[in-house]
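To start, the structure under review is shown below, and the notes come after it.
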Amino acid sequence: MKLILLGAPGAGKGTQALSLSEKFDIPWMSSGDLFRSHRKENTDLWKQSFGYIEKGLLVPDSITINMVLSWIDENSNKGFLLDGFPRNIYQAESLETHLDNSSGIDKAIYISVPDEILIDRLSSRVVCKVCGIPYTKSDKNKCTVKACTGELYQREDDKPESIKKRLQVFMDETKPLIEYYNFRDKLIQIDGSGTVESVRESLESSILISNK
Ligand code: AMP
């Protein structure tokens, strides 16, 4: 299965991705986590990307697309679950072209959540430094994913100015993808405003139905 998770920042893509990738036995890639994995070594890729990430802007396509397509080539023989990519039409088309021999992705799942809830979630979010799994600030201070125990921290782009910018970028650049995939009959839409468990159930059942 080749799946894409679409949704505004804070919609719950990262929260749902790990269990979906385990349930359907497909590797998960978060493009934001791929960027952040370069921070510790302060690689050239991080130096070129950090300024955009900090301001809540999209990293240029020329950097992002190469990074993600290389990940796909190295990891996706069983399919994939992409979280955070594509984020604009150009990225979506580059992905389709790259997957040309295999007729593209199977489904793009849009997790829809009202803005008030997104802002609330992002302002109280901390994430694991090691695996990127998100938690709520007051929850705990170490990651609880098996064999991880990474420290939790607030992302630099979860500060109020960047949150506002990221939501605007989502509206302007990423939301057109909903129509793009709908037109190609590949869109599944899920209400992401409920509890983690209820959203997970809707996601899993709609993927199972669409895969029949
Ligand atoms: P995320 O962890 O998905 O919220 O991504 C954090 C930041 O990484 C975004 O605000 C962008 O600056 C950058 N980023 C992640 N994915 C992409 C992408 N597909 N295209 C451009 N920039 C991206």
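First listed ligand is number 1; within each ligand, the first listed atom is number 1. Values reported hereafter were calculated over all heavy atoms of this structure, with side chains retained and with hydrogens, waters and symmetry mates removed.
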Any idea which heavy atoms bring Glu204 and Phe24 closest together, and the distance?
O-CZ, 4.0 Å
Is there any N or O on Gln91 that sits under 3.5 Å from an N or O of ligand 1?
yes
Considering only the protein, which heavy-atom contact is closest to atom 16 (N) of ligand 1, and what is its distance?
Ser31 OG, 2.8 Å
Phe50, CZ atom: more than 12 neighbouring heavy atoms under 6.0 Å:
yes
Which segment of Val59 sits under 4.0 Å of ligand 1 when only heavy atoms are counted
both
So, regarding Phe35 and ligand 1 (criterion: nitrogen or oxygen to nitrogen or oxygen, under 3.5 Å), is there a contact or not?
no
Pairs of nitrogen or oxygen atoms closer than 3.5 Å, one from Arg155 and one from ligand 1: do any exist?
yes
Within-4.5 Å side-chain heavy-atom neighbours: Lys159 and Gln154
yes
Below 3.5 angstrom, do we get any N/O pair linking Leu58 and ligand 1?
no
Report the part of Arg36 (side chain from C-beta onward, or backbone N, CA, C, O) that has a heavy atom under 4.0 Å from ligand 1; answer both or neither where that applies.
side chain
With respect to Gly84, determine whether any N or O atom, backbone or side chain, lies less than 3.5 Å from an N or O atom of ligand 1.
yes
NZ/Lys47: more than 12 non-hydrogen atoms of other groups inside 6.0 Å:
yes
among protein heavy atoms, the one nearest atom 18 (C) of ligand 1 is Thr64 CG2, 3.5 Å
Side-chain touch Lys23/Arg200, heavy atoms, less than 4.5 angstrom:
no
Is it the case that Arg39 places NZ or CZ above or below the six-membered ring of Phe35, under 6.0 angstrom from the centre and within 45 degrees of the axis?
no
Quick check: does any side chain N or O of Ser94 sit under 3.5 Å from a backbone N or O of Tyr90, one acting as donor and the other as acceptor?
yes
Could you tell me the residue and atom name of the protein heavy atom closest to atom 15 (C) of ligand 1, and the distance to it rounded to 0.1 Å?
Arg87 NH1, 3.4 Å
Which heavy atom of the protein is the closest neighbour of atom 11 (C) of ligand 1, given with residue, atom name and distance?
Leu57 O, 3.4 Å
Would you check if the side chain of Ser162 reaches a backbone N or O of Glu54 as a donor-acceptor pair within less than 3.5 Å?
yes
